[in-house]
Amino acid sequence: MKYTQLGRTGLKVSRLVLGTMNFGPQTDEADSHAIMDAALDAGINFFDTANVYGWGENKGRTESIIGNWFAQGEGRRDKVVLATKVYGNMGADGPAWPNHDKLSAVNIRRAVDASLKRLQTDYIDVYQFHHIDRDTPFDEIWQAVDVLIQQGKILYVGSSNFPGYKIAQANETAARRGGTIGLVSEQCLYNLAERRAEMEVVPAAQEYGLGVIPWSPLHGGLLGGVLKKEVEGKRRASGRAADALADAGTRAQIQAYEDLLDKHGIEPGEAALAWLLTRPGVTGPIVGPRTAEQLASAVRASELELSEELLTGLDEIFPGPGPSPEAFAW
């Protein structure tokens, strides 16, 4: 496994990030623990979760599964760079009780303590804002963060789903306050089929020294060989992938993609992950395996070297927006 610095920090993280969103809803606790053990064995040290994972009545369940795994000892916690998130309503489905969601100082304080309890640890390496909060000023957010860092409860702060201007606003506010390192990572939707992040988010992250952590690297399975699996009767597309394939143009695009990779003898899902690892500013994509085999496939992807011919072919099928601002201006 290869490692890199997380943005402008001295923190070393693996080029693959273990996503845990399936732990609980789709993968039971025993299998989740086995996947985390296998990830460590493969050299993956960067684990990502969120306080709301588990969803519905089971919000927090995923953090609890991870906490039970840490509690087994044998250096598990010390080996992991742990990232979790704050923003969502942790109560029952429906409107949140006032001050029980988003990024107010009071909710950040409450959410950190609750996550630490579920995770059975006394600190979080990277505490991420799951979404922008239009109602809370960054001065308040950074004041809350400063207290938590001083208390030793969190070490670094990242963002998720932030537009470029919010990354700039957050870090300019941090710089003006002084003594606050600001955001060190941005977790965003970014893959071959969805490259809009290249217009503003990735440039902003690079300018301010944030590591880019793409989520949904296979775009809901669309880039994982979905057409081939349909033909072989292994699995039918569902969710985002099925919606996309209903469009004839998209279906033709995915067919061209799978044909190109078949020509090069590479599995589509592995190529999609390997492509992200070639992109400027990318720390590593989040992989969310439901099984040990899916984790093994992701590890193989991290070792792939894509030829210039193949990279050019992928750009022809999935052209990016181009550099900013030329992508939307002269």
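Worth saying up front: this structure is predicted, and the values here are computed from it rather than measured. This chain uses plain numbering: 1 for the first residue, then up along the sequence. All heavy atoms count here, side chains included; hydrogens, waters and symmetry mates do not.
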Just verifying a value: how many Å separate Leu6 CG and Thr283 OG1, rounded to the nearest 0.5 Å? 5.0 Å

Quick one: hydrophobic cluster around Leu277, which other residues, with the 4.5 Å side-chain cut-off, linked directly or via members? none

When rounded to the nearest 0.5 angstrom, what distance separates CZ in Arg300 from CD in Glu303? 9.0 Å

If the test is salt bridge (Lys or Arg N to Asp or Glu O under 4.0 Å), which one of Lys85, Lys117, Arg118 qualifies with Glu63? Arg118

Taken to the nearest 0.5 Å, the spacing of Ile286 CD1 from Tyr190 OH works out to 14.5 Å

Asp31/Arg290 ion pair, N-O < 4.0 Å: no

Considering residues at least two apart in sequence or located in another chain, which fulfil the ring-ring contact (aromatic ring centres under 6.0 Å, His included) criterion with Phe162? none

For Arg77, is there an ion pair with Asp125 - N to carboxylate O distance below 4.0 angstrom? yes

Give a yes or no on whether the ring-centroid distance for Phe23 and Tyr53 is below 6.0 angstrom. no

Calculate, to the nearest 0.5 Å, the distance between atoms CD and CG belonging to Gln187 and Leu210 respectively. 12.0 Å

Strictly below 4.0 Å, N to O, side chains only: are Arg61 and Glu29 in salt-bridge contact? yes

Would Thr173 and Ile141 satisfy side chain to side chain contact (heavy atoms under 4.5 Å, CB included), going step by step from the backbone distance to the final call? CA-CA 10 Å; Thr173 304; Ile141 293 170; over 6 Å; no

By side chain to side chain contact (heavy atoms under 4.5 Å, CB included), which residues pair with Arg196, not counting sequence neighbours? Glu194

Using every non-hydrogen atom in the two residues, find where Leu18 and Leu295 come nearest and quote the distance to one decimal. CD1-CD1, 4.3 Å

Lys59 side chain vs Gly91 backbone, donor-acceptor pair below 3.5 Å: yes

4.5 Å side-chain heavy-atom contact, Gln151 and Leu148: yes

By side chain to side chain contact (heavy atoms under 4.5 Å, CB included) - contacts of Gln143 (at least two apart): Arg177

Side-chain contact test, heavy atoms from C-beta onward, threshold under 4.5 Å: evaluate it for Tyr123 versus Lys153 and give yes or no. no

Where do His219 and Ala193 come nearest, in terms of heavy atoms and distance? CD2-CB, 4.0 Å

Report the C-alpha distance between Thr49 and Thr84 in whole Å, list the side-chain angles of each, state the deciding distance to 0.1 Å, and finish with yes or no for side chain to side chain contact (heavy atoms under 4.5 Å, CB included). CA-CA 5 Å; Thr49 191; Thr84 192; 3.4 Å; yes

Taking side chain to side chain contact (heavy atoms under 4.5 Å, CB included) as the definition, give me every residue that meets it alongside Asn161, ordered by chain and number, with sequence neighbours left out. His130, His131, Trp215

Got a salt bridge between Glu305 and Lys2, using NZ or NE/NH1/NH2 to carboxylate O under 4.0 Å? yes

Gap between atom OH of Tyr3 and atom CG of Leu16 - 0.5 Å precision: 10.0 Å

Rounded distance [0.5 Å steps], CD1 in Ile66 versus CZ in Phe47: 8.0 Å

How close do Val81 and Lys12 get, counting heavy atoms only, and between which atoms? CG2-O, 4.0 Å

Listed by chain and number, what are the side chain to side chain contact (heavy atoms under 4.5 Å, CB included) partners of Leu245, not counting sequence neighbours? Leu222, Val226, Leu227, Glu230, Ala237, Arg251, Ile254

Step by step, work out the side chain to side chain contact (heavy atoms under 4.5 Å, CB included) result for Thr180 and Asp146. CA-CA 7 Å; Thr180 300; Asp146 288 344; 2.8 Å; yes

Which atoms form the tightest heavy-atom contact between Leu260 and Gly313, and what is the distance? CD2-C, 3.7 Å

Would you please test Ile167 and Val201 for side chain to side chain contact (heavy atoms under 4.5 Å, CB included) and show each step? CA-CA 8 Å; Ile167 291 172; Val201 176; 4.2 Å; yes

